[in-house]
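Single-structure report; data block below.
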Amino acid sequence: MSGYAFAKVYFGVLGATILLFGILQFSTGLFGPELSAGILTVPQDVWSGLILFFAGLFVIDGALKLHDIHGLGKAVMGSIMLWIVAGCDIFARIMTPIFGEEGWVNAPNGFLSVFEPPYAPALFLLPFSLLIVHFMRKSG
Amino acid sequence: MKKILLVGNPNVGKSVMFSRLSGARVVVSNYPGTTVDYTKSRMRVEGKEYEIVDLPGTFSLEPKDKAEEVACKMLEEAKPHTAAVIDVIDATAVERGLYLTLELIERGYPVVVALNMSDAARDRKIKIDVKKLERILGVPVVETIATTGAGLKELVSKIGKAKPTDIEAVKRRLRREKK
Amino acid sequence: MKAKARLSVDERWELVDEISKRVVLRGKYKHTLKDVLSDLSVRPATGIPFMIAVLYGFWMFFGAFAGFFTDGLAVPFFDDHYLPALQGAFPGAGPTMAESSPLYMILVGDPNATNCFEAFGVLTSALFVAFGVVLPAIVAFYLILTILEDCGYLPRLATLADTVLHKIGLHGFAIVPTILSLGCNVPAVYGCRVLETKKQRFMMMTLLGVFIPCAAQIGIMRELIPQYTGLILIYLFFGFFAMGALLNKLIPGRSPEILIDVPPYRSPQRSNVLRKLGLRVRHFLKTAVPFVILGVVVVNLLYWTGVIDWLSRVTEPLFVVWFGVPAATVGALVMAFMRKDMAVGMLGGLASAGVLSTGQLITSVVLVSIYFPCLATFIMIWKEGGTRDLLKSLGVLATSFFVFGGLMHAIVTLAGV
């Protein structure tokens with residue numbers, strides 16, 4: 001049970017972070033300006049902000065009753081939503097660098113520059129959310 | 001050429017079975033109503049060539065929409081040339097499938113029942129007594145998993161054994177099973 | 001064979017009951033994660049945010065994938081290498097399009113064009129549009145759609161949409177042809193067969209043809225006016241519901257309620273996804289590409305013989321007064337009856353030349369989107385619904401064209417763009 005106690009706190013904090021960034025992303029999407037700090041940048045996008053907002057809510061709500069299959073299900077759904085946002089970001093990064101302004105294929109450094117920071121919050125949160133897979137396995 | 005018809009409720013895996021049996025390419029999806037028209041292909045059973053037809057899903061032989069109409073009309077027209085009707089039943093919702101099975105039996109079609117998605121049924125802790133069902137209906141019953149191909153060989157071997165039976169006989173056999 | 005006894009419906013259900021009591025044994029069933037997810041995705045409070053996420057993913061993937069192949073590969077190849085080479089090598093070029101030889105005009109088009117979109121020849125525009133713009137859009141769309149179909153998400157979307165669609169007399173399942181239609185209207189019109197009554201089928205076919213742009217159209221819009229594509233799509237969906245509600249009132253007939261069957265989630269099988277994608281792309285290549293090429297030939301001939309000029313002059317007052325677009329666009333809009341992609345291409349050219357304001361561009365693209373996507377859609381509606389339904393559909397099309405085109409004109413005027 002102590003594993004679950006830890007997990008509840010873990011996913012509670014994770015959910016709150018997702019929620020917070022969701023709100024930030026949504027409001028900068030509506031009112032601007034773009035927020036950027038170090039390697040983190042909050043994209044001005046209403047839709048992904050909205051999705052992260054709900055994802056955060058679901059993860060928090062699920063974390064509170066993680067030992068129960070219904071709670072776990074909700075946390076999983078929230079995580080999937082986060083994965084969709086992060087996945088789209090990664091996919092778009094992969095698809096842009098192959099051609100540059102100049103021609104068909106970018107020079108290697110141009111290719112890599114697209115993968116350099118700053119990253120959107122969803123990308124930072126993605127690895128932390130993968131812990132949920134462990135609990136999914138456990139439930140069968 | 002004699003025909004083999006694939007009949008059943010919507011989204012029970014008729015089209016998957018059709019592509020498995022005939023090698024033909026058809027569109028298969030996990031939602032009811034993917035097939036809205038029939039598709040024909042050929043297959044060989046014990047050295048004999050048959051025409052195999054994938055029909056749109058239907059809940060009963062009294063059609064409610066246009067896709068069901070296509071299925072019922074095809075069944076009607078093909079009746080004199082039908083070698084067997086493979087009645088595909090979703091093993092997780094046997095009752096709905098059996099309704100159609102009984103209708104087919106009443107109308108004198110030679111039926112083979114495929115209890116498809118038997119893996120999903122097992123996951124849901126649903127057990128079906130295949131032998132007993134076979135005894136009651138008086139037609140071959142085979143458990144299948146069309147997506148993996150399990151049970152399809154047995155199903156094909158039973159096609160030759162499909163014979164019409166009648167509903168009164170089903171009732172009689174049912175009463176016998178009671179005791 | 002002796003006459004068989006037939007049972008009544010009730011007797012038959014009774015017999016089913018008796019049989020299943022003897023052969024089916026239900027063990028104690030514990031809810032699995034799959035069931036919980038299934039449940040959550042149809043309950044509005046959780047299902048709607050999840051739906052937004054799924055559609056967002058759909059759209060972003062579509063954009064990145066199609067963008068990569070169109071902007072990244074096709075545009076540089078066609079514009080920088082293929083077009084100049086062809087313009088140089090093909091005999092019969094004159095200083096302008098009208099002064100070139102007819103064969104040059106039909107096959108290559110404008111000798112001064114700097115990109116394939118605005119060249120208008122069979123070997124330039126048609127090939128570029130078919131393979132450079134439309135093909136990537138189709139592949140991207142069907143890849144995602146196939147995965148959604150096979151895992152079983154679509155029926156859940158239908159359940160969620162049921163409440164809204166019922167307001168316009170359609171069944172929730174109508175969302176499935178609607179989404180199919182975003183790929184290609186032809187199989188979608190075919191898919192309307194799953195709807196129960198003639199009224200529902202007619203309404204759905206018409207609404208699809210008029211308001212739902214296909215992947216080809218969306219791909220072209222995205223290519224030319226990426227910043228307004230989302231806005232135009234939302235406007236068209238609004239038109240879909242408004243017109244749907246009206247048709248529901250006007251057309252006699254039933255819109256019965258039925259329950260949607262929600263199958264369990266399954267993990268899609270790679271072989272099936274790839275096979276289905278292959279089938280659909282091949283189908284597109286076989287049906288759409290010949291139409292695109294034929295369309296270019298016909299339009300070029302009409303243009304060459306002066307028919308388009310004449311049509312433009314006749315209809316000019318209507319377009320200028322009612323829709324508020326400049327006279328220069330009339331040719332493009334008339335042409336759009338046969339060739340939407342080319343029409344959008346011309347509009348894009350006019351906008352970049354400064355002839356069209358943003359608002360006028362949006363209105364024009366909306367007009368183009370309201371026409372049926374292609375000749376194949378006409379034929380399909382005719383085949384599925386008959387002549388009467390096709391004529392009625394065309395009536396709805398004409399009405400929508402005036403109402404929603406005019407309304408957009410009013411909106412952009414008021415918004416001041």
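Just so it is clear: chains get the letters A, B, ... in the order the sequence lines come, proteins before strands, and each one is counted from 1.
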- [ ] With B:I86 as reference, evaluate B:V7, B:L155, B:V156 under the side-chain contact (heavy atoms from CB on, under 4.5 Å) test and give the passing residue.
- [x] B:L155
- [ ] Answer with yes or no whether the side chains of B:N116 and B:K14 bring together a donor and an acceptor at under 3.5 Å.
- [x] no
- [ ] In plain terms, say whether C:E18 and B:R173 are close enough for a salt bridge, that is, a side-chain N and a carboxylate O under 4.0 Å apart.
- [x] no
Open item on the list: Which atoms of C:V9 are under 4.5 Å from chain B, going by heavy atoms: the side chain, the backbone, both sets, or neither?
Closed with: both
Open item on the list: Please identify, among B:E95, B:K171, B:K132, the residue contributing the most non-hydrogen atom pairs under 4.5 Å to chain C.
Closed with: B:E95
Task: B:T147 versus chain C, the contacting section by heavy-atom distance below 4.5 Å - done: both
Open item on the list: Between B:D65, B:D129, B:I136, B:V70, who has the most heavy-atom pairs with chain C when the cutoff is under 4.5 Å?
Closed with: B:D65
Task: Contacting moiety of B:E103, where chain C heavy atoms sit under 4.5 Å - done: both
TODO: Decide if atom CD of B:E76 counts as having more than 12 heavy atoms of other residues, nucleotides or ligands within a radius under 6.0 Å.
DONE: no
- [ ] Would you mind checking if C:D389 and C:R201 are paired as a salt bridge, meaning a charged N to carboxylate O distance below 4.0 Å?
- [x] no
Open item on the list: So for B:D123, is it side chain, backbone, both, or neither that comes closer than 4.5 Å to the heavy atoms of chain C?
Closed with: backbone
- [ ] Check each atom of C:E11 against the heavy atoms of chain B and say whether the ones under 4.5 Å are side chain, backbone, both or neither.
- [x] neither
Task: Parallel, tilted or perpendicular: ring planes of C:Y265 versus C:Y153, cut at 30 and 60 degrees - done: parallel
Open item on the list: Does any backbone or side-chain atom of C:D35 lie under 4.5 Å from a heavy atom of chain B? Answer side chain, backbone, both or neither.
Closed with: side chain
